[in-house]
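Below is one structure, written out as structure tokens; the observations come after it.
Computed from a predicted model, the values in this text were never measured in an experiment. When a ligand or atom number is given, it counts from 1 through the structure's own listing order. Computed over heavy atoms, backbone and side chain alike; hydrogens, waters and symmetry mates excluded.
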Amino acid sequence: MKIKVATLFPESFDCMHVGIIGRAIEKGILELECVNIRDYSKDKHRKTDDAPFGGGAGMVMTVQPLHDCVNAIDPDREYRRIYMSPRGATLCQQKVVELSKADKLLFVCGSYEGVDERFIELDIDEELSIGDYVLTGGELPCMVTVNAIARYVDGVLGSEQSVEEESFSQGLLEYPQYTRPAVFEGLGVPEVLLSGDHAKVAAWRREKQLEITRERRPDMYEKIRPLIEAEAAKRAKRRKNGGKKG
Ligand code: 4GO
């Protein structure tokens with residue numbers, strides 16, 4: 001997957017070269033190119049912002065450097081162009097999966113009070129938000145989005161950390177996890193996890209997921225209720241058939 005980023009602070013993306021995402025970039029599975037919007041300013045002082053028409057506090061990013069930058073990066077409009085903004089649609093796992101199917105993504109990160117609206121109108125396909133709060137720039141939201149997307153790109157996660165198991169848990173919170181030692185500060189581990197009975201472990205984990213989701217996120221639980229009820233019906237039928245499949 002090719003990802004390009006237009007930003008006034010390309011160095012803030014240095015942290016993307018760490019860990020799992022860093023390895024994916026090294027391996028060439030993920031291509032991440034950051035471009036400095038300032039390099040496209042035609043102003044003699046390389047200015048990229050100006051006072052807002054109509055007055056008010058703060059500065060607005062001017063349209064010329066943004067427009068020229070994005071169209072230098074992506075002259076044939078091959079990239080899906082995303083502007084990070086609290087006004088955008090909120091990122092969710094479903095949106096992450098959808099974006100991970102794109103071959104080419106171009107993120108634009110605004111600063112100050114935002115960008116001239118005409119840039120969005122001319123050059124942006126969609127606005128995206130990582131949640132209902134305001135930050136000083138679109139860089140962190142962009143990095144959050146790229147990190148989430150990268151997990152779905154083939155070869156980024158090891159086979160052990162496969163994203164496949166996750167689809168079974170889509171819309172549910174995670175079950176509790178434990179590793180060695182079996183006792184720490186007097187606290188043990190649920191017996192079933194030490195039993196070696198894989199079916200029992202899977203059933204316990206599912207039960208915990210449902211319990212935790214119902215307690216902490218009733219909104220999420222309501223959405224997946226039909227799925228849960230279908231699962232329960234399947235189990236009941238299996239019991240009736242004396243454990244045979246169907
Ligand atoms: C995106 C951008 C928050 C988000 C931003 C978000 N703040 N919730 N700030 O995804 C225009 C200037 C937007 C700063 C930018």
Side-chain angles (χ1 to χ4, degrees), residues 1-16 18-19 21 30 32-43 45-74 79-102 104-153 171 217 219-220:
M1 173 183 269
K2 283 191 177 180
I3 297 174
K4 296 197 182 187
V5 179
T7 167
L8 285 175
F9 304 103
E11 68 280 9
S12 52
F13 287 80
D14 288 356
C15 66
M16 295 297 282
V18 165
I21 309 298
L30 200 67
L32 182 65
E33 189 192 336
C34 298
V35 176
N36 195 335
I37 296 162
R38 194 175 301 282
D39 291 344
Y40 294 86
S41 173
K42 285 178 175 153
D43 177 83
H45 304 293
R46 309 220 308 153
K47 243 175 80 107
T48 58
D49 62 346
D50 209 333
F53 279 130
M59 298 291 265
V60 174
M61 286 179 75
T62 57
V63 65
Q64 178 274 314
L66 284 162
H67 177 74
D68 289 352
C69 177
V70 156
N71 290 294
I73 295 176
D74 176 30
Y79 284 72
R80 192 160 163 185
R81 298 173 170 190
I82 299 166
Y83 176 64
M84 302 311 303
S85 154
R87 291 201 317 208
T90 310
L91 187 67
C92 61
Q93 203 62 27
Q94 189 195 316
K95 183 81 182 171
V96 167
V97 172
E98 187 217 310
L99 289 172
S100 73
K101 290 170 184 162
K104 297 175 173 174
L105 296 174
L106 194 170
F107 290 92
V108 178
C109 308
S111 292
Y112 319 116
E113 299 307 310
V115 299
D116 189 306
E117 189 68 23
R118 291 166 295 183
F119 166 67
I120 296 172
E121 200 176 308
L122 280 172
D123 296 310
I124 290 297
D125 296 321
E126 62 195 288
E127 291 181 66
L128 189 64
S129 166
I130 61 163
D132 290 337
Y133 38 84
V134 179
L135 301 168
T136 58
E139 286 78 10
L140 284 168
C142 172
M143 288 189 264
V144 166
T145 305
V146 170
N147 186 298
I149 290 170
R151 297 180 65 253
Y152 285 88
V153 174
R217 293 293 302 274
D219 58 318
M220 282 171 74

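Between the side chains of Glu139 and Thr7, at least one donor N or O sits under 3.5 Å from an acceptor N or O.
With contacts defined as side-chain heavy-atom distances shorter than 4.5 Å, the pair Asp43/Gln64 does not qualify.
For Val115, no heavy-atom contact with ligand 1 is shorter than 4.0 Å. Residue contacts with ligand 1 for Ser111 involve N, CA, C or O but no side-chain atom from C-beta outward (heavy atoms, distance under 4.0 Å).
Distance from atom 3 (C) of ligand 1 to its nearest protein heavy atom, with residue and atom name: Tyr133 O, 3.3 Å. Protein heavy atom nearest atom 10 (O) of ligand 1, with residue, atom name and distance: Ile130 N, 2.8 Å.
Close contacts between ligand 1 and Tyr112 involve ligand atoms 12 (C), 14 (C) [criterion: under 4.0 Å to a heavy atom]. Below 4.0 Å from some heavy atom of Ser129 lie the following atoms of ligand 1, by number and element: 6 (C), 8 (N), 10 (O). The Thr136 neighbourhood of ligand 1 comprises atoms 14 (C), with distances under 4.0 Å to a heavy atom of that residue. The distance from ligand 1 to the heavy atoms of Gly137 drops below 4.0 Å at these ligand atoms: 5 (C), 9 (N), 14 (C), 15 (C). Every atom of ligand 1 with a heavy atom of Gly114 under 4.0 Å away is listed here by number and element: 11 (C), 12 (C).
Note that CE of Met143 and CD1 of Ile21 are 12.0 Å apart. Values are rounded to the nearest 0.5 Å. Considering OH of Tyr112 and OG1 of Thr136, their distance stands at 10.5 Å, rounded to 0.5 Å. Annotation: the span from Arg81 atom CZ to Asp74 atom CG amounts to 4.0 Å, rounded to 0.5 Å.
Counting all heavy atoms, side chain and backbone alike, Met61 lies closest to Leu8 at CE-CD1, 3.8 Å. Shown here for Val97 and Ser100, the closest heavy-atom pair between the two residues is O-OG, 2.6 Å. Between Leu66 and Thr62 the shortest heavy-atom distance is CD1-O, 3.4 Å.
Residue Gly131 has at least one nitrogen or oxygen atom sitting less than 3.5 Å from a nitrogen or oxygen atom of ligand 1, judged on distance alone. Any N or O atom pair closer than 3.5 Å counts here, and Leu135 shares at least one such pair with ligand 1. Looking at Ser85 next to ligand 1, no N or O pair under 3.5 Å apart turns up. Ligand 1 has no nitrogen or oxygen under 3.5 angstrom from a nitrogen or oxygen of Pro86. In terms of polar-atom proximity, defined here as any N/O pair under 3.5 Å, Tyr83 makes no such contact with ligand 1.
Electrostatic pairing of Asp39 and Arg46 counts as a salt bridge here, judged by a charged N lying under 4.0 Å from a carboxylate O.
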